[in-house]
Each structure stands twice: as C-alpha cells, then as structure tokens.
Amino acid sequence: MSYLSTQLIRWHKQFGRKDLPWQIDTNPYKVWISEVMLQQTQVQTVIPYFLKFIKRYPDIDSLANSNENEVLSYWSGLGYYSRGRNLLKTAKIIQEEFDSSMPSCSEKLESFPGIGKSTAGAILSLGFKMKAPILDGNAKRVLVRYFKVEDPIDLNKTTKQLWNIAEENLPNKECNVYTQAIMDVGSLICKRRNPDCIECPLKKKCISFNEKIQNLLPNKSPKKEKPIRQLYWLLLQNKHGEVLLENRNSKGVWEGLWTFIGFEEPISRENFQDRLPKGYELLEEGLKLRHTFTHYKLDIDTTLIKINKDFQDLDNNKVWFNTEELSGIGLPSPVSKILKTFI
DNA sequence: TATGCGTGGTG
DNA sequence: TCACCAAGCAT
C-alpha cells in the first residue's frame with residue numbers, strides 16, 4: 001500500500017463525507033445515477049435533483065419503463081441533457097440484456113451510453129466495492145499536485161498519464177474508501193484556489209506543497225474567446241393562456257427539450273404581421289437575457305404575443321401547453337426563467 | 001483530437 | 001460584474 005492510499009483512507013475514516021444522499025443505503029444503481037448527475041456539476045446542485053429522481057425512479061426498471069420526455073422533466077435545469085437521455089437508454093439496455101441488474105464489469109459499463117472510464121470506475125469501486133480507478137476533476141487535481149505533473153491537464157496526453165498514475169496507486173483493499181477519499185480531499189482541501197495544505201493528509205510527500213508551488217498547479221492550456229450569438233424568441237400565448245413550444249428534435253444544444261420559436265432576426269410588427277393570424281396583440285418587446293454556454297454566449301430577446309382567436313397552424317413538433325403541462329416536460333433554464341416572468 | 005454539450009456558483 | 005469553474009462523455 002502506497003503512502004498516498006494509506007493516508008487518504010485513514011483521513012476519510014475521520015473526516016470524509018459519509019452522509020451524501022447517494023451514500024445512504026447505497027447500491028450500484030444509486031452510484032450510477034449520482035455519478036452521472038455529478039459530471040461537471042457541483043454536489044450542492046445535484047442533491048435536490050438526485051432526491052427527486054430517485055423517488056420517481058428508485059430502480060432500473062422504473063427508469064427503463066419511463067420515457068424521454070418525463071426523464072428530461074426531472075433533468076430540467078441540470079444541464080448537459082444528453083446525460084438524462086443516455087440514462088434512459090442505458091436503463092433500457094440493462095433491463096433488456098442484463099436482467100435489470102448493473103453489470104460489474106468495466107468493459108460492459110463503458111459500452112453503455114453516458115458511462116465513460118471514470119463513471120465506470122466509480123460504479124465498480126463505490127457501488128461494487130471492487131478495485132477500480134476513477135479520474136474526475138478532484139482526483140486529477142490531487143494527483144497533479146502530489147506528483148507535480150506540470151503538463152496542462154486539459155490535454156489528452158496528460159489525462160492518459162494521469163490514468164496510469166491513478167491505476168498504479170490503487171490500494172488492494174478498501175478501494176471504495178480510497179475513491180471517496182481522493183474526491184473528498186480534492187473537493188474540500190486540495191481546492192483549485194487556495195488549497196488548505198495544512199489540513200491535507202498528503203502534505204508530507206506532496207511534491208508541490210514541499211516546493212511551495214501548489215498554487216501554480218494544475219496548468220491549463222490558454223483558452224479561446226467565446227463568440228456571441230443573437231437569438232429572438234417568440235412567446236405565443238393563446239386565449240386559453242396556453243403557450244406554444246417547439247420540440248428541438250435536431251442534434252445540438254437542448255436536444256429533446258422544448259423552447260419557444262426562435263429566429264435569428266429581430267421580431268417586429270413589420271416583419272411578423274403577415275406570419276401571424278389577425279387579431280394578435282403585441283404586448284412586450286425586449287425582455288433580454290444573456291445565457292452563457294461552455295463555447296459561446298447567447299443574447300436572447302423575447303417578444304410576447306397574445307392571440308385572441310384560435311390558432312391551429314402548427315407543424316407536428318409544435319404544441320400548446322398549459323401551466324400544469326409545462327411542469328412535465330424538459331425545459332432549458334432560460335425558457336423556465338422567461339415563463340416565470342410572463343406566465 | 002479538438003470541440004460540443006448547461007447551468008448555477010463564486011472570487 | 002464577469003470570467004471561470006464543477007464528480008466527463010461522445011464524436
């Protein structure tokens with residue numbers, strides 16, 4: 001057993017997190033759901049989503065028997081919606097081909113949609129108590145500082161190197177404790193900014209700490225500037241108070257979710273009166289908000305139009321929703337915000 | 001392999 | 001205020 005794993009396991013028994021919702025009465029299914037929710041997402045954000053999700057989908061069969069629209073409604077606001085869609089796809093595969101029980105084999109797990117090497121490792125170690133490595137952002141940061149890895153961590157080459165380090169340093173027993181420990185130390189002590197090295201169980205042998213360069217690592221490649229795109233949303237409301245939404249069934253951002261009808265040019269009386277039925281009322285112009293994605297920014301300008309008569313001219317992916325129905329479908333965050341403002 | 005994919009929190 | 005981040009995966 002290495003100093004690294006021995007120290008981390010000892011530390012976790014005294015200071016580690018043991019009462020997160022997915023750690024209570026845990027099983028491989030809960031580990032899977034929580035790990036997917038936690039991808040690129042903070043613990044405090046995930047907790048309420050996890051609790052609601054597990055209550056509705058307590059096991060693989062309940063999830064596999066659901067449908068994409070309902071699963072996405074439980075994912076609304078959490079982001080990276082392909083995670084939600086892949087959860088459903090994988091549940092169906094496990095139900096059909098694995099008798100509704102999670103396989104305890106890394107190759108099979110990694111073959112499922114939405115499960116990569118790190119999530120598979122977490123399911124094996126935390127869920128099945130097997131010896132398996134993880135390499136999430138926390139573990140990366142701990143290993144980078146402990147071993148003084150100076151290459152930028154966003155490079156594939158560095159990630160490969162860190163996977164080797166992660167595997168070489170696994171303990172032969174209590175790997176589940178080790179896995180939770182390295183994530184906890186990474187998240188609570190070995191923080192990106194201002195790490196609490198004094199509290200760290202690894203400080204005696206941490207190369208970065210001993211060279212006093214812990215604040216200089218990890219390194220990252222220089223980033224690119226984000227482009228800004230304009231989007232004009234048309235919020236149509238009929239005389240029953242229902243709202244017209246369009247399902248985004250094409251690949252790309254917010255796939256499978258419902259949004260307002262969008263345009264790249266401004267919406268005005270002049271260029272819209274011939275596209276709408278007579279008797280509409282333009283109520284508000286210019287609710288503006290900015291939404292930032294990882295790779296670009298979106299400046300959204302919404303126009304609310306109330307329609308006084310029935311308006312049926314819809315293609316098959318446009319639907320009128322009443323307030324109650326809106327809570328049962330997947331909505332991107334800015335759509336929810338705008339609905340709260342207007343409806 | 002470099003990029004697309006969300007969102008809420010934070011210093 | 002705003003740039004950057006947080007338990008990655010897919011292509």
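Keep in mind that the numbers below use all heavy atoms, side chains included, and drop hydrogens, waters and symmetry copies. Please read these numbers as outputs of a predicted model, since none were measured by experiment. Lettering of chains follows the sequences in order, A, B, ..., and the numbering in each one begins at 1.
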Next on the checklist: Say we look at C/dC9 and B/dG8: how far apart would their P atoms be, to the nearest angstrom?
Outcome noted: 22 Å

Checklist entry - Hey, can you pull the residues of residues 247-261 of chain A with a non-hydrogen atom under 4.0 angstrom from DNA chain B? => result A/Gly252, A/Val253, A/Trp254

Checklist entry - With a 4.5 Å heavy-atom cut-off, do A/Leu109 and A/Met102 have their side chains touching? => result yes

Checklist outcome for this item: Nearest-nucleotide check on DNA chain B, A/Thr294 vs A/Asn156; residue mapping nearer the 5' end is A/Asn156

Checklist outcome for this item: Expected list for residues 184-199 of chain A near DNA chain C, using heavy atoms below 4.0 Å, is A/Arg192

Next on the checklist: Please enumerate all residues that pass salt bridge (charged side-chain N to carboxylate O under 4.0 Å, His left out) together with A/Glu167, with sequence neighbours excluded.
Outcome noted: A/Lys117

Checklist entry - Parallel, tilted or perpendicular for A/Trp32 and A/Tyr29, by the 30°/60° rule? => result perpendicular

Checklist outcome for this item: By side chain to side chain contact (heavy atoms under 4.5 Å, CB included), A/Glu242 pairs with (sequence neighbours left out) A/Asn238, A/His240, A/Trp320, A/Asn322

Item to check | Between A/Asn164 and A/Glu168: side-chain donor-acceptor atoms closer than 3.5 Å | outcome: no

Next on the checklist: Whole angstroms only, please: what is the CG-C1' distance between A/Leu135 and C/dC9?
Outcome noted: 14 Å

Checklist entry - For A/Ile228 and C/dC2, what is the distance between atoms CD1 and P respectively, to the nearest whole Å? => result 11 Å

Next on the checklist: Any base atoms under 4.0 Å from A/Trp75, or only sugar-phosphate, or nothing? Heavy atoms, all strands.
Outcome noted: nothing

Item to check | Rounded distance in Å - NZ (A/Lys140) to P (C/dA6) | outcome: 11 Å

Checklist outcome for this item: 5'-most to 3'-most nt of DNA chain B touching chain A (<4.0 Å, heavy-atom partner on protein side) reads B/dT1 to B/dG11

Checklist entry - Quick one: CD on A/Gln230 to NZ on A/Lys288, what's the gap to the nearest 0.5 Å? => result 9.5 Å

Next on the checklist: Any residue in residues 113-126 of chain A with a heavy atom nearer than 4.0 angstrom to DNA chain C? Just list them by number, or reply none.
Outcome noted: A/Pro113, A/Gly114, A/Ile115, A/Gly116, A/Lys117, A/Ser118, A/Thr119

Checklist entry - Looking at residues at least two apart in the chain, or sitting in another chain, which of them share a side chain to side chain contact (heavy atoms under 4.5 Å, CB included) with A/Asp151? => result A/Lys157, A/Thr158, A/Gln161

Item to check | A/Thr159 side, atom OG1; A/Ile153 side, atom CD1 - distance, nearest 0.5 Å | outcome: 8.0 Å

Next on the checklist: Taking any heavy-atom pair under 4.0 Å as a contact, classify A/Ile182: base, sugar-phosphate, or nothing.
Outcome noted: nothing

Checklist entry - What residues form a side chain to side chain contact (heavy atoms under 4.5 Å, CB included) with A/Lys148, not counting sequence neighbours? => result A/Glu150, A/Ile207, A/Ser208, A/Glu211, A/Ile213, A/Leu217

Checklist entry - Which part of the nucleic acid, if any, lies within contact of A/Lys160, taking any heavy atom under 4.0 Å across all strands shown: a base, the sugar-phosphate backbone alone, or nothing? => result nothing

Checklist outcome for this item: Residue pairs passing the salt bridge (Lys or Arg N to Asp or Glu O under 4.0 Å) test with at least one member in residues 324-336 of chain A, sequence neighbours excluded, are none

Checklist outcome for this item: Judged by nearest nucleotide, the residue sitting upstream toward the 5' end of DNA chain C, A/Glu110 or A/Glu35, is A/Glu35

Item to check | Sorted by number, the residues of residues 36-47 of chain A with heavy-atom contact under 4.0 Å to DNA chain C | outcome: A/Leu38, A/Gln39, A/Gln40, A/Gln42, A/Val43

Checklist entry - Does a donor on one side chain and an acceptor on the other come within less than 3.5 Å for A/Gln95 and A/Asp61? => result yes

Item to check | Rounded distance (Å) that lies between atom C1' of C/dG8 and atom CH2 of A/Trp163 | outcome: 10 Å

Checklist entry - C/dA6 phosphate, OP1 or OP2: any side-chain N/O from A/Arg141 under 4.0 angstrom? => result yes

Item to check | Interatomic distance, A/Asn86 CG vs C/dT11 C1' [rounded to whole Å] | outcome: 12 Å

Checklist entry - Would a 4.5 Å heavy-atom cut-off, applied to side chains only, mark A/Asn215 and A/Pro195 as touching? => result yes

Item to check | Nearest-Å distance for atom pair NZ/P, residues A/Lys220 and C/dA3 | outcome: 15 Å

Only pairs under 3.5 Å count here: list side-chain donor-acceptor contacts from residues 251-264 of chain A, not counting sequence neighbours, and write none if there are none.
unit_1	atom_1	unit_2	atom_2	d
A/Glu255	OE1	A/Arg85	NH2	3.2
A/Trp258	NE1	A/Asn69	OD1	3.2

Next on the checklist: Output the rounded distance in Å from OH (A/Tyr80) to P (C/dA10).
Outcome noted: 14 Å

Checklist outcome for this item: Separation of C/dG8 atom C1' from A/Leu78 atom CG, nearest Å, is 13 Å

Checklist entry - Can the positive tip of A/Lys55 be found less than 6.0 Å from the middle of the six-membered ring of A/Phe53, inside 45° of the ring normal? => result no

Next on the checklist: Categorize A/Phe112 for me: base, sugar-phosphate, or nothing, with a 4.0 angstrom heavy-atom threshold over every strand shown.
Outcome noted: sugar-phosphate

Checklist entry - For residues A/Asn176 and A/Thr179, is any side-chain donor paired with an opposing acceptor at under 3.5 Å? => result no

Next on the checklist: If the condition is side chain to side chain contact (heavy atoms under 4.5 Å, CB included), which residues does A/Lys52 pass it with, not counting sequence neighbours?
Outcome noted: A/Tyr74

Item to check | A/Arg17 side chain reached by A/Val43 side chain, heavy atoms, under 4.5 Å | outcome: yes

